[in-house]
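In what follows, a single structure is set out as structure tokens and then discussed.
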Amino acid sequence: MRLRDTLAALPRDTRDTLFLLGVIAGVIAPHASHLPLWATALAAGLLLWRGALAWTQRRLPGRWTLLLLLALAVGGTLLTHRTVLGRDAGVTLIVVLLALKTLELRARRDALVVFFLGFFALLSHFFFSQSLGTAVAMLVALLGLLTALVNAHMPVGRPPLSVALRTAARLALLGAPIMAALFLLFPRMAPLWGMPGDPIAGRSGLSGAMRVGQIAELAMDESVALRVRFDTPGGTPPQQSALYFRGPVLSQFDGREWRPAPDGPAPQGGPSTLQVHGEPVRYTLTLEAHQRRWLLLLDAARDPPTFAGGEGVQATMAPDLQWRSDRPVREVLRYQALSYPDFRHGAGPWTERLRDFTELPTGFNPRTLELAQQLRNDPRIAPNPAQDNAAALVAAVLERLRTGGYRYTLEPGLSGVHTADAFWFDSRQGFCEHIASAFVVLIRALDIPARIVTGYQGGERNPIDGQWTVRQSDAHAWAEVWLAGQGWVRVDPTSAVAPARTGALQRLQAPRSALAEAMGNVMSPGLVHTLRAAWEAANNRWNQWVLNYTQARQLNLLQALGFEAPRWEDLVTLLAGLMALAIAGNLGWTLWQRQPRAPELRLLQQVRRRLARQGLPLGEQSAPRGTALAVLDAYGESARPLHDWLLQLERLRYGPAGPDPAAALAALRRQLRQLPWPGPG
């Protein structure tokens, strides 16, 4: 017997239960990546157990078994999260309780509790991701839950699930305008819409510090970090080699880890010494949430960015030219900025404060320090020790990188305690962070001020919407060196080792998964690239028009509708007005639906209403013949003309169609107006 025949032979209760369990499994499955392993296993086991009980039509477990499972769920949540409050603990508990509640599916009331828990579990997915993919998956899950809910309220028998699905889809479409109005006009207040407390653990992105080997892990992440639309004349963006998006600047080194300097008075260089030249690059940048305060802008932006819709974010420039917001970036942020590729900062005479950028920890990298001494004593590089040979020494270090057999790789291996020594003399290979760190250590050993800048470099143009996509795999680290008369100068040592890393659309590729390999064997690379570009373009539109729809943009919408000084109270008023119109429209539709639509029935209703005013009320279901007999019985032979007219109406309504039904109906209307009315009135 085929599976379809087997399912068709099941009792309706079993079939409906299995369908509901499948929907619940689809709702909670995307949570597997956020849940502890035990919670995923427990939820899956409970759903399978409940499915087996439904299939075999056996009794559900007793109260003590459920209490034991509940204690295990709460205990596991407490052991894992140390609390039952907060996002992670709350989602873990709600998923397990939803699966556990299915073991109590005995009555419609239990089913309603499961439905409501399912809707809440569906909503909780947006605590972790608001991407377009999540929205599409949850829309499908919502349709499944609505189908199960409609099916549970259908009459006895075996109504097909397709009927419940069509009803659920129709209800969702009818509710779509209301959802759109709520989305556009419901006041968005940060305490209401934000999720306080829980940081996102394990999320890839730049860090406030750099330990050798950390950024190499980012090359494995193809997720989007930011998107850029250039508004330059003619739409021509800067060269690929000029796309440096500045992030945290690291200047303190303890031998293993680079950290930013604490905020304080500006060193040599800073906003006050920034000099820009030439035409600026105008662009709009959409920054993905990264839970920290820094803003990514192209080097170098003189003025603060303008945030789309006026979100109220305040941006300030740090002494090292890094832009920061006044709050962590916890949602997609969109802003416009002007950057000047041709700039100088920190130009001026030497000051003692620059000495901080030449410090190195003692006891680390002895061979690198010895190499620095050799370079300083080389007469070909520094013929006159009394002069400033900084530029020549930097050029010599870059030449060593170009010609010394150094290699750019995704897998540099362990570097031990002396990280710079391992790069310069042992492995001779590394990712951008290894190269930048070793370069700055050597430059500082030459008594030249230097620091590391982290951020993103490069990107890829999306052919669908023309925007540039910068991924986590584009995370980069480069150096800045202070030279007398020039100030801080960008030096990218990685480009000396691998020019293609910064000069062309070439990146180290992460190993592809088995699914990606299979897709590559079935579909052409060009088609895969096109589909990926289309999906990312759609994601970008989703970010712009949905996730980036803030309270400021709501007020801008009101201003476009004619409100001179819109406030959130105006949103409430407009929303209440629209809801009142919707209720009135629904009421009018209901009353209109109750009216007979056939012209013959409308004539019959006129007769019934007039008889009711004369003291002969008849039910709304009274047919023409029943009405004719009632008036004849009440008024005698004086009602014979009305009696005969009603029988003619019956023949027109239910009898064979004549040659001209419209003419017959018009004749009945005329007769009714001329008809002698029986009784009083």
Side-chain angles (χ1 to χ4, degrees), residues 13-56 58-107 109-129 131 133-149 151-152 195 198 200-202:
D13 182 66
T14 300
R15 184 203 67 172
D16 292 352
T17 301
L18 292 177
F19 177 74
L20 177 59
L21 293 175
V23 171
I24 293 172
V27 169
I28 67 178
H31 270 313
S33 59
H34 311 302
L35 295 176
L37 182 60
W38 68 266
T40 304
L42 179 58
L46 291 174
L47 293 179
L48 289 174
W49 184 17
R50 182 62 180 91
L53 293 177
W55 186 273
T56 57
R58 287 186 292 175
R59 293 179 56 188
L60 298 179
R63 177 178 300 177
W64 291 108
T65 303
L66 296 178
L67 288 175
L68 176 61
L69 291 171
L70 176 62
L72 289 175
V74 176
T77 304
L78 287 172
L79 288 175
T80 304
H81 302 288
R82 306 298 179 186
T83 181
V84 293
L85 304 177
R87 183 195 65 181
D88 294 341
V91 171
T92 298
L93 202 55
I94 199 68
V95 167
V96 177
L97 291 180
L98 173 59
L100 187 59
K101 184 61 182 177
T102 61
L103 294 174
E104 285 188 323
L105 274 175
R106 292 184 173 88
R109 183 191 64 180
D110 300 320
L112 291 177
V113 173
V114 170
F115 289 134
F116 291 135
L117 286 175
F119 285 121
F120 189 84
L122 185 149
L123 177 65
S124 65
H125 286 281
F126 295 104
F127 296 159
F128 299 93
S129 172
S131 68
T134 301
V136 172
M138 293 306 102
L139 185 61
V140 174
L142 173 65
L143 191 58
L145 277 174
L146 286 176
T147 302
L149 182 60
N151 184 67
M195 272 299 296
D198 293 317
I200 295 181

**OP:** Only pairs at least two apart or in different chains count here, so list each salt bridge (Lys or Arg N to Asp or Glu O under 4.0 Å) that has a residue in residues 92-102.
**Re:** K101-E104, K101-D110
Subject >> Residues that W38 engages under side chain to side chain donor-acceptor pair (under 3.5 Å), provided they are two or more places apart >> reply: T80
Subject >> Interatomic spacing from OG1 in T102 to CG in L53 - rounded to 0.5 Å >> reply: 9.5 Å
Subject >> V91 side chain reached by V95 side chain, heavy atoms, under 4.5 Å >> reply: yes
Original post:
In chain order, what residues pass the side chain to side chain contact (heavy atoms under 4.5 Å, CB included) check against L78, with sequence neighbours excluded?
Top reply: V74, V84
Subject >> Distance in Å, I24 CD1 paired with L98 CG, rounded so as to fall on 0.5 Å steps >> reply: 5.0 Å
Subject >> Gap separating the CG atom of L145 from the CZ atom of F119, nearest 0.5 angstrom >> reply: 5.0 Å
Original post:
Just how far is it from atom OG1 of T40 to atom CD1 of I28, taken to the nearest 0.5 Å?
Top reply: 8.0 Å
Original post:
Between V27 and A141, what is the shortest heavy-atom contact and its length?
Top reply: CG2-CB, 3.8 Å
Subject >> Interatomic spacing from CG in L47 to CG in L103 - rounded to 0.5 Å >> reply: 8.5 Å
**OP:** State the CG-OG1 distance between L20 and T147, to the nearest 0.5 angstrom.
**Re:** 11.0 Å
Original post:
Looking at residues at least two apart in the chain, or sitting in another chain, which of them share a side chain to side chain contact (heavy atoms under 4.5 Å, CB included) with A39?
Top reply: L35, P36, T92, V96
Validation: residues 60-72 side-chain donor-acceptor distances under 3.5 Å, sequence neighbours left out:
none

Original post:
Are the side chains of V23 and F115 in touch, meaning some heavy atoms are under 4.5 Å apart?
Top reply: no
